[in-house]
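Below is one structure, written out as structure tokens; comments come after it.
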Amino acid sequence: MPYSITKSGVPIFDVARAYSLAAVLSYSDEDESTNPIISDTGSCFVIDFPKGKPSLAHLLQDAGWQGLFSIPNGLDPRNQAWGSLFVTDLSMAAKEKKVKQVQKQLEQGFDDLLMRAQAQGLIARFEGETLPGGLEPSAFKGSKSSTRAQYAESQTEVDKTNWALACLGGALAGRYVWQRRNIFAVYPIPERVHFINWQDIREKTYGERLSYLGVRNAVAHYSVVLAETMRQMAANSSSFSDSFSGLAYFSLFKTGNQWKPSSAGFLSLQPLIEMALGHTHESAKVFEVWEKLFRRGSVRGSEDLAEVLTNLIMSPSLESLEKHNRVLLRYIAGKEVKAMNQYTEDAIKEVMQIV
Amino acid sequence: LSKELAQLFSDDAIREMGNVLRTALRENNDYASLIELEYAESVPALAEALKKLLRRYDSFASHKKWSWRPATTSYEKVMFLATGQGLPIDQQENAVRLVRATLISHALTFTPFQAKSQKEETNA
């Protein structure tokens, strides 16, 4: 019987719990040959684990599991993002305490967690532990809806099991890019993903970063990196069928000592994934050109290139295509883009497919 | 729009006029034609912009002693497409923008320089 996470309506919280439950199942599997599959069924995330034998004893002895709960020193996005997740806890001791609390909660509540996830789906109750703002921007305290009587609301709280699950998922699945006084966070939303493939994708893509104009630019660039990685995986394996539905993103900025939520949104990955998996040869050139243009656009003086490409990917339309064409053509006419970094006829036809 | 864009982009007349624009920009730095084309919002404005592009190209090609010129029918076909007659009804009002976008898209692509190679072929 599959395990499931009933969606609460708080998107990143739900996605993080799905990744986390898959991680718990994967690390606790005595058999070690099966691989959890995360699927989005609309109302819940289902984790298929048909032949798995999850056991607490195995989980406690697993070195990989123990390794998940260390706070790395560097800000490499490939590291577990505990530091970014608990960014609102200013001291390292407070962060470490919470990480230990997450581990303890998941290990002590292991049987109950799996039983509930298998029986009726894991449902979140919004009371108990404070959800970290670094995980979900809607968790920050403040007014969340219009009110005439009270102008402030407290932080969002969830029950301990779901809190621990979400925190682990946030540390694993969140791609946090620190840039000056900003943090850009991106979460890939699985449509149907093998957990082992996702670990591979994470390893290959989370470290790819540039200097960004803003969170939209960061998300657009990551979408290209992710689509290209999936294209390569599909080209190397005919059985590859994993897919992400989109990217949920938000940014935080620092005011004095405090972190505040900034913009947030969702990018549908469907056009890029279709391009990557449907036309693997032609899309290779498109992603190659886009990667080069993003790199060029991350340099001071060429920001317009990054901006028009970001707009084309984030909100594809005839208008954004025309703007992209105008700016790029000026760079090409000015001999500022090498021939090898320019579109071929087939590649630009693929670009038109997303408009 | 992707279907209409792809259909126009694959049209031979659009391809030929796109090649002229590419050559004019890359070999002759003809930014004037590019700007006129970018700001052409109506069929007469597009016709005027394309005529000027062709005139400038012709002058430059004569100076360089290139033999290749686009066929007259290409210009006529592009203008026919710009009236929206080959497009679905709901896209006819966008016809000029679609044609303009596909012409400029052709100019973006990298292909070996055609005029020179055809000149060499003619000389041979």
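So you know, we letter chains A, B, ... as the sequences are listed, proteins then strands, and number each from 1.
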Turns out that what part of A:Leu318 lies under 4.5 Å from chain B's heavy atoms comes down to both

Side chain proximity check, B:Leu108 to A:Gln342, heavy atoms < 4.5 angstrom | no

Contact origin within A:Leu328 toward chain B - heavy atom pairs under 4.5 Å | both

B:Leu5 and A:Lys349, any side-chain heavy atoms less than 4.5 Å apart = no

Other residues, nucleotides, ligands: >12 heavy atoms within 6.0 Å of A:Lys285 NZ = yes

Does A:Glu345 reach the side chain of B:His106, with side-chain heavy atoms less than 4.5 Å apart?
-> yes

State, yes or no, whether a side-chain contact exists between B:Phe110 and A:Thr344 at a heavy-atom distance under 4.5 Å.
-> no

With the threshold set at 4.0 Å, does a side-chain nitrogen-carboxylate oxygen contact exist between A:Glu319 and B:Arg97?
-> no

More than 12 non-hydrogen atoms from neighbouring residues, nucleotides or ligands closer than 6.0 Å to CD on A:Gln270, yes or no?
-> no

Is atom CD of B:Glu93 surrounded by more than 12 heavy atoms (other residues, nucleotides or ligands) closer than 6.0 Å?
-> no

Heavy atoms of other groups near B:Tyr39 OH, more than 12 under 6.0 Å = no

Which atom pair, heavy atoms only, marks the closest approach of B:Leu25 to A:Ala333?
-> CD2-CB, 4.2 Å

For A:Glu322, is it the side chain, the backbone, both or neither that has a heavy atom under 4.5 Å from a heavy atom of chain B?
-> side chain

Measure from the side-chain N and O atoms of A:Arg326 to the backbone N and O of B:Glu38, and report whether any donor-acceptor pair falls under 3.5 Å.
-> yes

Under a 4.5 Å heavy-atom cut-off, does chain B meet the side chain of A:Leu329, its backbone, both or neither?
-> both

So, for B:Ala101 and A:Asn325, which heavy atoms are closest and what is the spacing to 0.1 Å?
-> O-ND2, 3.5 Å

If you draw a 6.0 Å radius around CD1 in A:Ile196, do more than 12 non-hydrogen atoms from other residues or ligands fall strictly inside?
-> no

Grab the two heavy atoms, one from A:Met352 and one from B:Ala6, that are nearest each other, plus how far apart they are.
-> SD-N, 4.4 Å

Going from NE2 on A:His324 to CD1 on B:Ile104, what distance comes out if it is rounded to the nearest 0.5 angstrom?
-> 12.0 Å

